[in-house]
Amino acid sequence: MADIAGGGIQWLADWDGWYVSLTFARGIGPDELAARLGAVPGIHPGPLGAMDAWSMVTETVDGDGVARVGSWGGWSFAVEHGVPAGAERLADVSRSGVEAVHLDPQPDHPPKQFAYARNGELVCCFGLGEECWRGGHQPDFLLPELVAAKILTPDGAHARPDDEEPDEDRDRRTLGVLEHRFGLCLPRHLIEETPLPAFVTCTQ
């Protein structure tokens, strides 16, 4: 089991409280990430922890969310409460040479989702556990890493039967690929406990 309090992102596979989307960006600061996610001008509620952010979500207009932003391990990040703007705006987040990664737990509509964009283009995306169905302009972008991790075969098919591995172990292996390929690291305390600068975001 991954260290749920430590580094990397593999611990997300074991976290029962993963209900927030995570958007990472490399090449811009946290405030610019918030702006590219659709931060509403003039609404800046100040540092919020997770509980306060969820409370604020209930007060926003339908379609809006709350993004808490910061930086860690060379990436700016946004913890998205409510409607995740990163899912719709990832290509725009990545414009002008920026890299962007979006992880969405999809608690109501599994599986969990991954997407990677660079320089204004969606490069690759897939569901965790559904890596054989990949989208984006370069759907095979991560194929070598997924083959090396024994998640896929060289022709892009699943390397193991679906019922051979518990979901948590399967998700952990894919998160491990993303962690190592992109150098992603986000401690749990930053998501749950730490008050972070917050912005109301609009997906419209």
Side-chain angles (χ1 to χ4, degrees), residues 1-4 6-15 18 20-28 33 36-37 72-80 84-186 191:
M1 181 178 293
D3 180 3
I4 200 166
I9 60 170
Q10 295 180 55
W11 62 269
L12 289 167
D14 301 297
W15 186 30
W18 188 12
V20 293
S21 294
L22 303 171
T23 298
F24 300 83
R26 183 158 55 189
I28 54 175
L33 173 56
R36 295 188 184 195
L37 287 172
W72 191 269
W75 291 80
S76 295
F77 67 85
V79 182
E80 298 185 74
E88 301 294 332
R89 297 178 178 265
L90 198 66
D92 187 56
V93 168
S94 75
R95 69 181 186 270
S96 302
V98 171
E99 290 184 275
V101 172
H102 184 70
L103 296 173
D104 192 335
Q106 289 284 323
D108 298 323
H109 302 284
K112 302 173 179 68
Q113 297 291 319
F114 154 79
Y116 169 64
R118 181 179 59 200
N119 202 28
E121 179 178 272
L122 178 62
V123 176
C124 181
C125 60
F126 52 76
L128 275 64
E130 296 182 351
E131 295 83 0
C132 61
W133 298 305
R134 302 176 302 284
H137 287 85
Q138 299 179 50
D140 290 343
F141 180 75
L142 291 176
L143 183 58
E145 288 87 350
L146 293 168
V147 171
K150 297 181 170 38
I151 295 168
L152 297 180
T153 61
D155 62 358
H158 277 304
R160 298 185 182 187
D162 291 341
D163 59 355
E164 187 174 295
E165 188 174 31
D167 289 351
E168 293 82 1
D169 293 344
R170 178 203 66 201
D171 291 353
R172 190 182 306 108
R173 288 198 298 135
T174 299
L175 288 168
V177 168
L178 305 179
E179 174 184 303
H180 293 296
R181 176 62 178 80
F182 299 109
L184 297 174
C185 177
L186 192 60
I191 299 177

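One-based numbering along the sequence shown.
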Item to complete: Apply salt bridge (charged side-chain N to carboxylate O under 4.0 Å, His left out) to Asp171 and list each qualifying residue two or more places apart in sequence or on a separate chain.
Response: Lys112
Worksheet entry | For Thr174, side-chain hydrogen bond (donor to acceptor under 3.5 Å, both in side chains) partners two or more places apart | Glu131
Looking at side-chain heavy atoms only, is the closest gap between [X] and [Y] below 4.5 Å?
X	Y	answer
Ile151	Val177	yes
Leu178	Leu142	yes
Cys132	Glu130	no

Discussion item. The test is side-chain contact (heavy atoms from CB on, under 4.5 Å); show your working for Thr153 and Val147 and say whether it passes.
Written reply: CA-CA 5 Å; Thr153 61; Val147 171; 6.0 Å; no
Item to complete: Please report the shortest heavy-atom distance between Asn119 and Gly97, naming the atom on each side.
Response: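 That closest heavy-atom pairing would be OD1-N, 2.9 Å.
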Worksheet item: Do you know which two heavy atoms are closest between Ala100 and Val93, and how far apart they sit?
Response: CB-CG1, 3.8 Å
Item to complete: Report yes or no: do Gln10 and Glu179 form a side-chain donor-acceptor pair below 3.5 Å?
Response: yes
Worksheet entry | Ring center gap for Phe182 and Phe24 short of 6.0 angstrom | no
Counting distance only, does the side-chain N/O of [X] pair as donor-acceptor with the main-chain N or O of [Y] below 3.5 Å?
X	Y	value
Arg36	Arg95	yes
Thr23	Ala78	no
Trp11	Ala13	no
Ser94	Glu99	no
Arg173	Arg170	no

Fill in: Spacing of Tyr116 atom OH and Leu103 atom CG [to the nearest 0.5 Å]
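So the gap between those two atoms works out to 13.5 Å.
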Worksheet entry | Reported OG-to-NE2 distance for the pair Ser21 and His102, which is rounded to 0.5 angstrom |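 Ser21 OG to His102 NE2: 4.0 Å, rounded to 0.5 Å.
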Worksheet item: Can you list the steps and then say if Ile191 with Leu22 is a side-chain contact (heavy atoms from CB on, under 4.5 Å)?
Response: CA-CA 9 Å; Ile191 299 177; Leu22 303 171; 4.0 Å; yes
